[in-house]
Amino acid sequence: CMATFVYAVMAASSGVALVWRHPLADIAAREAAPLGAGFTFLCLASGSLWGKPMWGTWWVWDARLTSVLVLFFLYLGYIALAGAFDDPARGAKSSSVLALVGAVNVPIIKFSVDWWNTLHQPASVLRMGGPTIATSMLIPLLVMAVGFTLYFFALLLVRMRSLLLARRTRALSIARGHRMAAAGVGEGVRPGQGAGKAGPGGPPRRPPNPPRCRPRWTACISGASDRPRRRAGSTTSRWTRTIPPSSTSARPWAACGRP
């Protein structure tokens, strides 16, 4: 069954992540959990659809069915526990322990039809005396088993690659933010000016731009008249510009340099 096979892969990856602390092992276990939960749900749903015409009921508390249902809850618990912590390392460690503890359920699912009297028939493929199923059904069964196994590994590799790329993108974004903050432009502040004071309940505000001065004139651009004129009563050739009184408070005259 793909449900138990995927859980065995997840438990093995969790063991490698705990013992050798290999980062890819933790990623493999994390990304295999949703796939295994999907396979288990399909197994339970299709079994109920098959059991209604064969057994006359949608569900019975059979040993095989109950143990597979417990397996489905173990998948959901692993997924929830892995994302329950702000620290990814703590979440990975806790979920790995849960996966190893839940691995006890895998042999229970396999031998439940032999240990208890259930509605399911005993093992007919993986048994000591060889398969008892007809060849016309055994060959298609094995072909589908190989196909679903390859499909699982293909999806697992795709999900692992996507997670690695997402983590790399996030790391690059954080590093870029740190570089911008160190250069003084992280919050839209010009280099060398520093950040503005934080507003109420918001990010730091950008300080106002300093008044700009036009070369060859002695007045600020802001608030000045567009046409230059000679200062009244002056015999010098210096040109000046008229600045309204209201603009002196917002943009002081001292901020402008001489040409």
Side-chain angles (χ1 to χ4, degrees), residues 1-16 24-79 82 95 98-163:
C1 182
M2 289 299 301
T4 56
F5 173 74
V6 175
Y7 195 90
V9 172
M10 188 179 71
S13 301
S14 299
V16 173
L24 288 181
D26 175 65
I27 294 176
R30 183 185 295 265
E31 296 303 319
L35 300 177
F39 282 125
T40 308
F41 176 78
L42 291 178
C43 178
L44 293 172
S46 59
S48 298
L49 294 175
W50 180 87
K52 178 61 176 178
M54 296 294 105
W55 297 341
T57 182
W58 295 101
W59 180 267
V60 292
W61 291 103
D62 183 79
R64 172 64 64 82
L65 291 177
T66 304
S67 57
V68 173
L69 181 62
V70 171
L71 181 67
F72 180 67
F73 289 149
L74 285 173
Y75 277 122
L76 297 183
Y78 180 92
I79 297 173
S95 57
L98 176 62
L100 293 178
V101 173
V104 180
N105 192 42
V106 174
I108 294 177
I109 297 175
K110 174 64 176 66
F111 297 105
S112 59
V113 294
D114 300 325
W115 294 345
W116 295 283
N117 186 16
T118 65
L119 295 176
H120 287 80
Q121 73 278 4
S124 56
V125 179
L126 300 177
R127 56 191 301 272
M128 296 296 297
T132 59
I133 189 174
T135 307
S136 59
M137 298 178 62
L138 179 61
I139 294 178
L141 178 63
L142 296 178
V143 171
M144 292 303 298
V146 173
F148 272 101
T149 303
L150 296 178
Y151 176 70
F152 160 70
F153 281 113
L155 288 181
L156 180 61
L157 293 177
V158 170
R159 291 179 61 89
M160 291 176 61
R161 181 181 180 184
S162 300
L163 181 60

Requested in this report: Apply the test side-chain contact (heavy atoms from CB on, under 4.5 Å) to residues Leu49 and Trp58: give CA-CA distance (whole Å), side-chain angles for both, the deciding distance (0.1 Å), then the verdict.
Outcome: CA-CA 7 Å; Leu49 294 175; Trp58 295 101; 3.7 Å; yes
Requested in this report: Mind running side-chain contact (heavy atoms from CB on, under 4.5 Å) on Leu69 and Trp61 for me, showing each step along the way?
Outcome: CA-CA 10 Å; Leu69 181 62; Trp61 291 103; 4.0 Å; yes
Requested in this report: Evaluate side-chain contact (heavy atoms from CB on, under 4.5 Å) for Phe5 paired with Phe152, printing each intermediate quantity in order.
Outcome: CA-CA 10 Å; Phe5 173 74; Phe152 160 70; 4.1 Å; yes
**Report entry** Evaluation steps, side-chain contact (heavy atoms from CB on, under 4.5 Å), between Val9 and Val6
**Finding:** CA-CA 5 Å; Val9 172; Val6 175; 5.6 Å; no
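For the pair Ser46 (side chain) and Cys43 (backbone), a donor-acceptor distance under 3.5 Å is present. For the pair Arg64 (side chain) and Ile109 (backbone), a donor-acceptor distance under 3.5 Å is present. Of the possible donor and acceptor atoms, none in the side chain of Asn105 sits under 3.5 Å from a partner among the backbone N and O of Val70. Judged by distance alone, with hydrogens and angles left aside, the side-chain atoms of Tyr7 form no donor-acceptor pair with the main-chain N or O of Ala37 at under 3.5 Å.
Exactly one residue among Leu157, Leu156, Leu155 makes a side-chain contact (heavy atoms from CB on, under 4.5 Å) with Glu31. That residue is Leu156.
For the pair Met2 and Thr149, the minimum side-chain heavy-atom distance is below 4.5 Å. Using a 4.5 Å heavy-atom cutoff, the side chains of Ile79 and Pro34 are in contact. Ile139 has its side chain out of reach of Leu142: every pair of non-hydrogen atoms, C-beta onward, lies at least 4.5 Å apart. At least one side-chain heavy atom of Leu150 sits under 4.5 Å from a side-chain heavy atom of Val146.
The shortest non-hydrogen separation linking Ala33 to Met10 is CB-SD, 3.6 Å. When all heavy atoms of Ala29 and Tyr78 are compared, the closest pair comes out as CB-OH, 3.3 Å. The minimum heavy-atom distance linking Leu65 with Leu44 is given by the pair O-CD2, 4.4 Å. Closest heavy-atom contact between Ser67 and Ile108: CB-CG2, 4.3 Å. Nearest heavy-atom pair, Val16 versus Ala25, reported as atom, atom and distance to 0.1 Å: CG1-CB, 3.7 Å. Closest of all the heavy-atom pairs between Val125 and Leu141 is CG2-CD2, 3.9 Å.
The CG atom of Leu71 lies 12.5 Å from the OG1 atom of Thr66; values are rounded to the nearest 0.5 Å. Expressed to the nearest 0.5 Å, how far CG of Asp62 lies from OG1 of Thr57 amounts to 11.5 Å. A distance of 11.0 Å separates OG of Ser13 from CD1 of Ile27, quoted to the nearest 0.5 Å. One distance of note links CG of Leu138 with CD1 of Ile133; it measures 6.0 Å at 0.5 Å rounding. Rounded to the nearest 0.5 Å, atoms CZ (Phe39) and OG1 (Thr4) are 11.5 Å apart. Note: Trp115 CH2 to Lys110 NZ = 10.0 Å, rounded to the nearest 0.5 Å.
The 12-atom threshold is not exceeded at CZ of Phe148, counting heavy atoms of other residues, nucleotides or ligands nearer than 6.0 Å.
Taking the six-membered ring where tryptophan is involved, the planes of Trp50 and Trp55 are perpendicular, since the angle between them exceeds 60° and thus also 30°.
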